[in-house]
Amino acid sequence: MTLIFALLRENHIIFGSDRRHVLGDADGRYRNDDCWKTAPILNGTAMLGFAGPDLVEQIITPLLRAGTLEYGNLRTVADSISQCARDKYAKYSTNWAPVPNIQFLLAGFMQEGDGSSAMASVIEFPSLCSMETPYSSDSRRNNYGIIGKRNHGALYAFRKCAAGMTSIDAGLRLACFTLMEVGKYDTSVGGRPQICVIRPNQKVEDLSDNLQDEIRWAEGVGDQIRTLIVSPKKN
């Protein structure tokens with residue numbers, strides 16, 4: 001299963017995903033590191049990510065082709081995906097077992113009064129209902145959404161640092177570090193990171209082709225952490 005996350009900030013969102021698509025057995029011996037697991041929605045102003053078996057694409061692709069995910073707002077789009085997923089499950093569960101786990105993550109800005117607020121919405125089995133996480137200035141709240149490898153050990157750093165990643169540059173470093181570290185120890189996650197920046201009332205900015213410095217930095221920090229733990233310098 002893939003890893004997709006949205007780091008919510010007051011005036012921007014860092015949206016990250018890996019690109020690995022695993023075919024074959026549980027060891028992930030057959031890999032494609034250029035798979036699409038995300039899509040721009042709402043006329044390119046928000047992002048959708050999905051994790052799980054190919055059933056997710058059977059749900060998302062018809063909605064994308066029909067333009068259903070381009071109109072309304074983040075909440076109405078999430079409701080459309082939720083309803084389509086429930087309909088698909090109703091047909092699926094009558095013919096096959098066990099029912100596979102599928103997950104969706106939407107991120108963007110919702111109009112609230114005179115302004116807008118960052119929001120992430122997660123849809124997953126078994127309820128397949130949309131669960132919203134709005135941005136809060138309270139640093140004790142979780143201002144992020146994660147699907148896929150949400151319990152992976154390398155996400156400890158993501159959760160620990162999320163509240164302090166207030167700038168875009170810091171968020172990009174954290175996103176790259178998270179994806180690179182998880183990919184080192186999990187064969188089902190990998191490939192070149194896909195990272196976008198979402199801002200209110202603007203087109204999503206895809207920075208995936210300009211992350212060379214951040215990727216090198218992330219790899220170096222990972223090596224430093226391992227060195228400090230295994231062979232710390234003694235004063």
What's the separation between atom [atom1] in [X] and atom [atom2] in [Y], rounded to the nearest 0.5 Å?
{"X": "Leu179", "Y": "Gln194", "atom1": "CG", "atom2": "CD", "answer": "10.0 Å"}
{"X": "Cys176", "Y": "Arg216", "atom1": "SG", "atom2": "CZ", "answer": "11.0 Å"}
{"X": "Asn151", "Y": "Leu155", "atom1": "CG", "atom2": "CG", "answer": "8.0 Å"}
{"X": "Leu74", "Y": "Phe109", "atom1": "CG", "atom2": "CZ", "answer": "10.5 Å"}
{"X": "Leu64", "Y": "Ile41", "atom1": "CG", "atom2": "CD1", "answer": "9.0 Å"}
{"X": "Met131", "Y": "Glu124", "atom1": "CE", "atom2": "CD", "answer": "8.5 Å"}

Taking the side chain as every heavy atom from C-beta outward, state whether [X] and [Y] have any pair of such atoms under 4.5 Å apart.
{"X": "Ile146", "Y": "Ile4", "result": "no"}
{"X": "Val197", "Y": "Val204", "result": "no"}
{"X": "Val122", "Y": "Phe104", "result": "no"}
{"X": "Lys160", "Y": "Leu174", "result": "no"}
{"X": "Ile14", "Y": "His12", "result": "yes"}
{"X": "Val77", "Y": "Asn73", "result": "no"}
{"X": "Thr38", "Y": "Leu105", "result": "no"}
{"X": "Leu48", "Y": "Ile60", "result": "yes"}

Evaluate side chain to side chain contact (heavy atoms under 4.5 Å, CB included) for Val189 paired with Lys149, printing each intermediate quantity in order. CA-CA 9 Å; Val189 176; Lys149 298 288 183 176; 3.8 Å; yes

Working for side chain to side chain contact (heavy atoms under 4.5 Å, CB included), residues Leu63 and Ile81: CA-CA 8 Å; Leu63 294 174; Ile81 295 173; 4.0 Å; yes

Would you confirm whether Asn142, through its side chain, and Tyr144, through its main-chain N or O, come within 3.5 Å as a donor-acceptor pair?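 Side chain of Asn142 to backbone of Tyr144, a donor-acceptor pair under 3.5 Å: no, none is there.
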
Do side-chain atoms of Thr227 reach the backbone of Asp223 as a donor and acceptor pair under 3.5 angstrom?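 Yes, because the side chain of Thr227 sits within donor-acceptor range (under 3.5 Å) of the backbone of Asp223.
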
Is a side-chain donor-acceptor pair under 3.5 Å present for [Y] with [X]?
{"X": "Arg65", "Y": "Thr61", "result": "no"}
{"X": "Ser208", "Y": "Asp206", "result": "yes"}
{"X": "Ser130", "Y": "Ser121", "result": "yes"}
{"X": "Asp79", "Y": "Gln83", "result": "no"}
{"X": "Ser188", "Y": "Asp186", "result": "yes"}

Only one of Met119, Arg9, Met110 forms a side-chain contact (heavy atoms from CB on, under 4.5 Å) with Tyr135, so which one is it?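 Exactly one candidate clears the test, Arg9.
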
Among Leu207, Asp213, Leu7, find the residue that satisfies the side-chain contact (heavy atoms from CB on, under 4.5 Å) test when tested with Leu172. Leu207

Would you sort out whether Arg226 and Glu181 count as a salt bridge (Lys or Arg N to Asp or Glu O under 4.0 Å), showing the intermediate values? CA-CA 11 Å; Arg226 282 182 285 277; Glu181 283 296 290; 3.4 Å; yes

Plane angle bin for Phe158 and Phe5 - parallel if under 30°, tilted between 30 and 60°, otherwise perpendicular: tilted

Students often mix this up, so state it plainly: with edges at 30° and 60°, are the rings of Phe177 and Trp217 parallel, tilted or perpendicular? perpendicular

What's the shortest heavy-atom distance between [X] and [Y], and which atoms?
{"X": "Ala46", "Y": "Ala107", "result": "CB-O, 3.2 Å"}
{"X": "Asp18", "Y": "Gly190", "result": "OD2-N, 3.2 Å"}
{"X": "Ser17", "Y": "Thr2", "result": "OG-OG1, 4.3 Å"}
{"X": "Arg150", "Y": "Gln103", "result": "NH2-OE1, 4.1 Å"}
{"X": "Ala163", "Y": "Thr166", "result": "O-CG2, 4.1 Å"}
{"X": "Ile123", "Y": "Leu128", "result": "CG2-O, 3.5 Å"}

Between Thr133 and Asn143, does a side chain to side chain contact (heavy atoms under 4.5 Å, CB included) hold up when you go through it step by step? CA-CA 7 Å; Thr133 299; Asn143 284 309; 5.6 Å; no

Considering only NZ, NE, NH1 and NH2 on the basic side and carboxylate oxygens on the acidic side, decide whether Asp33 and Arg192 come within less than 4.0 Å.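 So Asp33 does not pair with Arg192 through a salt bridge.
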
Charged N-O contact under 4.0 Å between Asp138 and Arg141: no

Check against side chain to side chain contact (heavy atoms under 4.5 Å, CB included), Phe15 and Ile195: CA-CA 6 Å; Phe15 190 90; Ile195 302 178; over 6 Å; no

Quick check on Glu132: does its CD atom have over 12 non-hydrogen neighbours (other residues, nucleotides or ligands) under 6.0 Å away? yes

If Ile, Leu, Val, Met, Phe, Trp and Tyr residues are connected whenever their side-chain heavy atoms lie under 4.5 Å apart, and connections chain through other members, are Ile215 and Val182 in the same group? yes

